[in-house]
Each structure stands twice: as structure tokens, then as C-alpha cells.
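Just below is one structure, and these are the notes that go with it.
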Amino acid sequence: MTVTVKIPTPLRPVTGGLGELKVDGATVGDVLRQLDAQYKGFAERVFDANGVKRFINVYVNEDNIRDKKNMETELKAGDTISILPSIAGGCTGCAASLLAVAATSLG
Amino acid sequence: MIKIPSSILREIYDHMEASYPHECCGLMVGTSNAGDRVVHAARRCKNLNTDRAHDRYDMDPMCWLRTEREFESTAWSIIGIYHSHPDHPSRASQTDTDAALGAGMVDYSYVIVSVQKGTVASAQSWVLNESEKKFYEESLVVDDEGEGDRK
């Protein structure tokens with residue numbers, strides 16, 4: 001069955017600038033493996049040894065595959081897979097950095 | 001360089017001051033051309049980190065999805081992320097750097113705002129250099145010339 005895959009801007013250099021692709025597959029894993037075969041560098045951006053990278057989210061329609069069956073999440077015709085950057089951060093460690101700067105300043 | 005109209009910057013600051021002492025986050029939408037970004041809209045996103053919201057944020061992924069959909073038929077797209085550092089400097093932290101590298105966030109502006117005792121104290125914008133694995137500061141310009149283009 002054919003599904004639509006939405007590619008986020010950070011990944012588009014890998015897909016030749018394409019933001020939307022039509023791919024056949026029965027599961028999310030099928031589709032992502034096909035994209036890896038078709039686009040060099042895709043896997044490095046999306047996967048690590050544990051599967052989808054921590055800072056990448058994959059959604060099928062409105063559902064995060066981490067809440068479903070991950071790569072084994074089943075697809076039906078017309079589904080949309082969205083690959084999204086996971087945006088996170090914060091000032092963890094800022095206090096330690098400030099202390100380091102202060103210590104350096106104090107010599 | 002990133003150009004932000006004063007009214008949008010005020011919207012962002014209002015979000016941050018209302019969220020204090022927690023970190024807040026959101027997306028900036030506009031145009032990008034050879035490293036010059038112009039903001040035309042901002043969208044607030046939910047910080048899903050409830051355990052350490054005072055010094056961490058995890059943006060609701062649905063916010064990115066909703067914002068992309070909202071603007072997909074326009075000439076604008078997501079060009080940057082904003083977040084606050086309550087009672088800490090507006091510099092990119094190692095946590096910010098690690099997360100941006102993990103998501104491959106090159107060519108985006110990261111506007112970080114220091115909120116001291118509930119009031120915005122400083123704002124800086126940063127761009128990730130992926131090969132050097134660090135953020136570099138870019139110019140943040142308050143610019144109201146494109147204000148009439150806003151939705």
C-alpha cells in the first residue's frame with residue numbers, strides 16, 4: 001500500500017530537496033528501509049543502534065510510533081508518516097558552566 | 001542574521017515571562033535566504049518536561065507538525081526555535097547543543113532569552129555549526145519593516 005512520507009527541512013538535503021514522498025510498505029520499518037535504500041545518508045540521520053534516534057520522532061498520522069509498535073507499526077493506504085526533529089534543550093549545566101567561568105576568572 | 005518584528009518579539013517575551021520560573025519554547029516561522037532569516041509569525045509550544053521544567057524543555061512534537069501544516073501552503077516555513085533560560089544567561093548550553101546536533105538542526109536560528117526573576121533580561125540568537133559541534137551567535141535584529149506582511 002502507498003503512504004505519504006513528510007520529510008522535515010533538516011533531512012531534505014538527503015532526499016534531494018524533496019519534502020514529500022510516496023512510498024509502498026506494510027509497516028513503518030518497510031517504508032523507512034526503502035527510503036534508506038533510495039537515499040544515501042538517510043539511515044545515519046534517522047537511526048542509531050537502538051532504532052529511531054532519540055532526537056527524531058516518527059509519527060503515523062497523529063500517533064508517535066513509540067506509543068505504537070515502533071518500526072513494526074502497521075500502515076494502511078493513505079496514511080501519512082511524518083519524520084520530525086525532536087526539539088529539546090535547556091539550561092541544564094548552566095550553573096556548572098558559570099562556576100567554571102568564575103573559577104577561571106578567580107585564577 | 002535573524003530579523004524579528006518588535007511585536008513578535010514581545011509575544012515571545014510575554015510567553016517566557018508568563019512561564020517563569022519554567023522554561024518555555026516555541027517556533028518561529030518566516031523566510032530564509034542564505035543564512036538570513038526573517039520572522040513573520042511565532043507559535044507557542046508546550047514544554048512536555050514536567051520533572052525539570054526549570055532547566056529543561058522537551059517541545060511537544062505535535063506543535064512542529066501543526067505549525068508545518070498551518071503554513072505548508074504559504075511561502076513561510078519554520079526557520080527557528082525559541083526558548084527561555086530562567087535565571088541563567090541567554091547562551092546556548094551543552095544540553096541545547098547536544099539536542100540540536102541529535103536532531104540535525106542546521107540552518108535554524110535558536111533564540112535564547114534570559115529571564116531574570118520573571119523579567120526578560122537579554123536575548124541572543126545562535127546557529128549550530130554541525131562539523132564543529134557548537135553554536136555560534138548570529139545577529140538578532142529587531143526590524144519592523146516586514147510588519148505589514150504578517151498574517
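Below, all heavy atoms of this structure are taken into account, side chains as well, without hydrogens, waters or symmetry copies.
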Proximity breakdown for B:Asn49 and chain A, heavy-atom pairs closer than 4.5 Å = neither
Are any of the side-chain heavy atoms of A:Pro10 and B:Tyr108 separated by less than 4.5 Å?
-> yes
At their closest point, which heavy atom of B:Leu65 faces which heavy atom of A:Asn61, and how far apart are they?
-> CD2-O, 4.0 Å
Cluster check B:Ile8, B:Val113: I/L/V/M/F/W/Y, side chain < 4.5 angstrom | yes
Minimum heavy-atom distance B:Ala99-A:Gly89, with the two atoms named | CB-N, 4.3 Å
Kindly say whether A:Gly90 contributes a backbone atom to a donor-acceptor pair with the side chain of B:Ser93 at under 3.5 angstrom?
-> yes
Do you know which of A:Lys53, A:Glu62, A:Arg54 has the most heavy-atom pairs under 4.5 Å to chain B?
-> A:Glu62
Identify which part of A:Leu84 has an atom lying under 4.5 Å from any heavy atom of chain B, answering side chain, backbone, both or neither.
-> side chain
Would a 4.5 Å heavy-atom cut-off, applied to side chains only, mark B:Met105 and A:Phe55 as touching?
-> no
In Å and rounded to the nearest 0.5 Å, what is the CZ to OG distance from B:Arg69 to A:Ser82?
-> 5.5 Å
With a cut-off of 6.0 Å (strictly less than), are more than 12 heavy atoms of other residues, nucleotides or ligands near CG of B:Asn33?
-> no
Do B:Tyr57 and A:Ile87 have side chains that get closer than 4.5 Å, going by heavy atoms?
-> yes
Any chain of hydrophobic side-chain contacts (each under 4.5 Å) joining A:Tyr59 to A:Leu32?
-> no
Same apolar cluster: A:Leu11 and B:Ile78, side chain cutoff 4.5 Å = no
Per-residue contact mode, A:Thr9 against chain B (heavy atom under 4.5 angstrom) = both
At what distance, to the nearest 0.5 angstrom, does NE2 of B:His83 lie from SG of A:Cys91?
-> 7.0 Å
Apply the test salt bridge (Lys or Arg N to Asp or Glu O under 4.0 Å) to residues A:Lys6 and B:Glu72: give CA-CA distance (whole Å), side-chain angles for both, the deciding distance (0.1 Å), then the verdict.
-> CA-CA 11 Å; A:Lys6 299 264 195 181; B:Glu72 67 185 354; 3.2 Å; yes
Sort B:Arg66 into side chain, backbone, both or neither according to what part of it lies under 4.5 angstrom from a heavy atom of chain A.
-> neither
Taking atom CZ of B:Arg91 as the centre, does the number of heavy atoms from other residues, nucleotides or ligands within less than 6.0 Å exceed 12?
-> no
Indicate, with yes or no, if B:Leu48 and A:Val58 share a hydrophobic cluster defined by side-chain heavy-atom contacts under 4.5 Å among Ile, Leu, Val, Met, Phe, Trp and Tyr.
-> no
Looking at B:Glu68 and A:Pro8, what are the two nearest heavy atoms and their distance?
-> OE2-CA, 4.3 Å
Do B:Val142 and B:Met1 share a hydrophobic cluster (ILVMFWY, side-chain heavy atoms under 4.5 Å, transitive)?
-> no
Taking all atoms of both residues into account, what is the closest heavy-atom pair of B:Pro61 and A:Asn57, and its distance?
-> CG-ND2, 3.4 Å
Measure B:Asp107 against the heavy atoms of chain A and call it side chain, backbone, both or neither at under 4.5 Å.
-> neither
Is it true that atom NZ of B:Lys3 has more than 12 heavy atoms of other residues, nucleotides or ligands lying nearer than 6.0 Å?
-> no
Around atom CD of A:Glu44, are there more than 12 heavy atoms of other residues, nucleotides or ligands at under 6.0 Å?
-> no
